[in-house]
Amino acid sequence: MPIDARIPGDPASVRATADWLDRVKEAYTGADLELTSLWSDSNSYWTGEAGHAWRSAVGDIRSRADEVRGYLGDAVEVFRAYAARLERAQDDVATLRSQADSVGLEVIGTNVLPPTTSLSYCPGPGAPSADLEAYDRYISLVASYNDLGTQIGTMIGELDEWVAEHMAPLVARVDTLQKLAGTVSALAAKGNESLATSVLDGYESFYDQTLSTWRKDHDALQSAAETFRDQLRSGNPALRARLRQRIRTGCAQG
C-alpha cells in the first residue's frame, strides 16, 4: 500500500484565522474603551436608581468581556503556533519525499509506492551475485520505506496530540462566554437601550456571529484531529507507525 506522504492543512488559512481573531480582539478593546467613557460620563447626567442600575450592569458586562479578550488572546497564540507547526511538518514531509526519491523509492505526487522485486526467491549463500545484489537492494528499499512510514506516522500523531491538547480546550471555553449575552439581555430589559445599544451591539454581535463561526472552525479542526486518529488505526503504513506495522519480503529461502 502506498504511503500518503503529506500532512493535510493550510498554514496560510490558519494564520489568516489568527489575524482575524486578533482584529476582533482589537475591536473588542475599542468597544470597551467607548463603554468605559459612557460609564464615566453617565455619572454626571444620569443619577438615581436607574443610572446606578445601568452602571452596575455595564460594569458587569466589562468584567465579563475581559474573559472574551483573554480568550481571543489565547486563541490567537494557539492558532499562530499551530500554523508554524503545520508548516514545519509539511516542509519536513516534503524533504522526506525528496529523500525517498533519492534512495530509489518510486514517488508519484505525494504517494510513495512500496518497493517490489522481480526475484521469486530469497537468495542465500551460493546464489548468483546478481540476485544477491538485487535482493540486498530490495531489502534496503524496504527498510527505507518502513522508516518513511514510521517518521510520517509519528509526525502526524504528534500533530494530532498537539491539536487535542491546545485546541480542544478552546472549544470547551466557548460555552463559558455565554453569560455575556445574558448580561446584555438583562441590561436591555432595564429600558436603557437608547444609551447602551451602540456599544452593546458589538458585544452581542460577537457572541451571536463571531463565536458561532469560531465554533464551526473549531468543530472542523476537531473533526480533522479525529480523522488523524482514525487514520493512525488504518491500513496505511505511514499512519500506523505507532502500531509498528512493517512490510516484509514474503519470499521463501532459496
Side-chain angles (χ1 to χ4, degrees), residues 1-28 68-102 105-113 147-175 177 205-242:
M1 177 179 293
I3 295 173
D4 186 5
R6 66 185 177 89
I7 302 293
D10 185 351
S13 295
V14 177
R15 286 195 179 93
T17 300
D19 292 342
W20 170 72
L21 289 169
D22 206 18
R23 290 193 297 271
V24 172
K25 179 185 175 184
E26 292 176 0
Y28 227 75
V68 177
R69 284 195 297 275
Y71 178 90
L72 289 172
D74 292 344
V76 168
E77 291 183 5
V78 167
F79 265 65
R80 285 177 175 162
Y82 176 64
R85 282 178 172 269
L86 182 59
E87 190 168 59
R88 286 196 302 271
Q90 291 177 341
D91 288 344
D92 289 344
V93 167
T95 299
L96 290 176
R97 289 198 303 269
S98 178
Q99 292 173 346
D101 181 70
S102 68
L105 290 169
E106 185 175 1
V107 180
I108 301 178
T110 61
N111 289 315
V112 180
L113 304 185
D147 182 61
L148 175 67
T150 297
Q151 292 187 66
I152 293 177
T154 298
M155 290 167 60
I156 290 178
E158 290 175 347
L159 191 62
D160 176 25
E161 289 176 2
W162 193 94
V163 168
E165 180 180 353
H166 294 84
M167 289 190 172
L170 287 178
V171 177
R173 285 172 59 190
V174 170
D175 289 334
L177 305 178
S205 176
F206 176 82
Y207 182 78
D208 292 342
Q209 299 176 23
T210 304
L211 284 185
S212 64
T213 301
W214 176 225
R215 179 186 287 279
K216 291 178 182 178
D217 292 340
H218 274 79
D219 288 346
L221 288 167
Q222 185 67 22
S223 176
E226 291 171 356
T227 298
F228 286 162
R229 280 189 288 273
D230 291 341
Q231 288 175 333
L232 285 172
R233 304 184 185 98
S234 75
N236 189 330
L239 300 174
R240 295 194 62 184
R242 294 189 177 186

Give a yes or no on whether the backbone of [Y] and the side-chain of [X] come within a donor-acceptor separation of less than 3.5 Å.
X   : Y    : result
Y82 : L159 : no
S98 : A94  : no
Q90 : G9   : yes

Quick check: do [X] and [Y] have side-chain heavy atoms less than 4.5 Å from each other?
X    : Y    : result
I7   : I156 : yes
I152 : R6   : no
E158 : T154 : yes
L96  : Q151 : yes
Y71  : L21  : no

Problem - Point-to-point distance, once rounded to the nearest 0.5 Å, from CG of L113 to CE of M1 - result: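 Between atom CG of L113 and atom CE of M1 there are 12.5 Å.
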Restricting to non-hydrogen atoms, name the atom on [X] and the atom on [Y] that form the minimum distance, rounded to 0.1 Å.
X    : Y    : answer
A5   : V93  : O-CG1, 3.0 Å
A89  : M155 : O-CE, 3.3 Å
A75  : L170 : CA-CD1, 3.9 Å
A83  : R15  : CB-CG, 3.5 Å
N111 : P2   : CB-CB, 4.3 Å

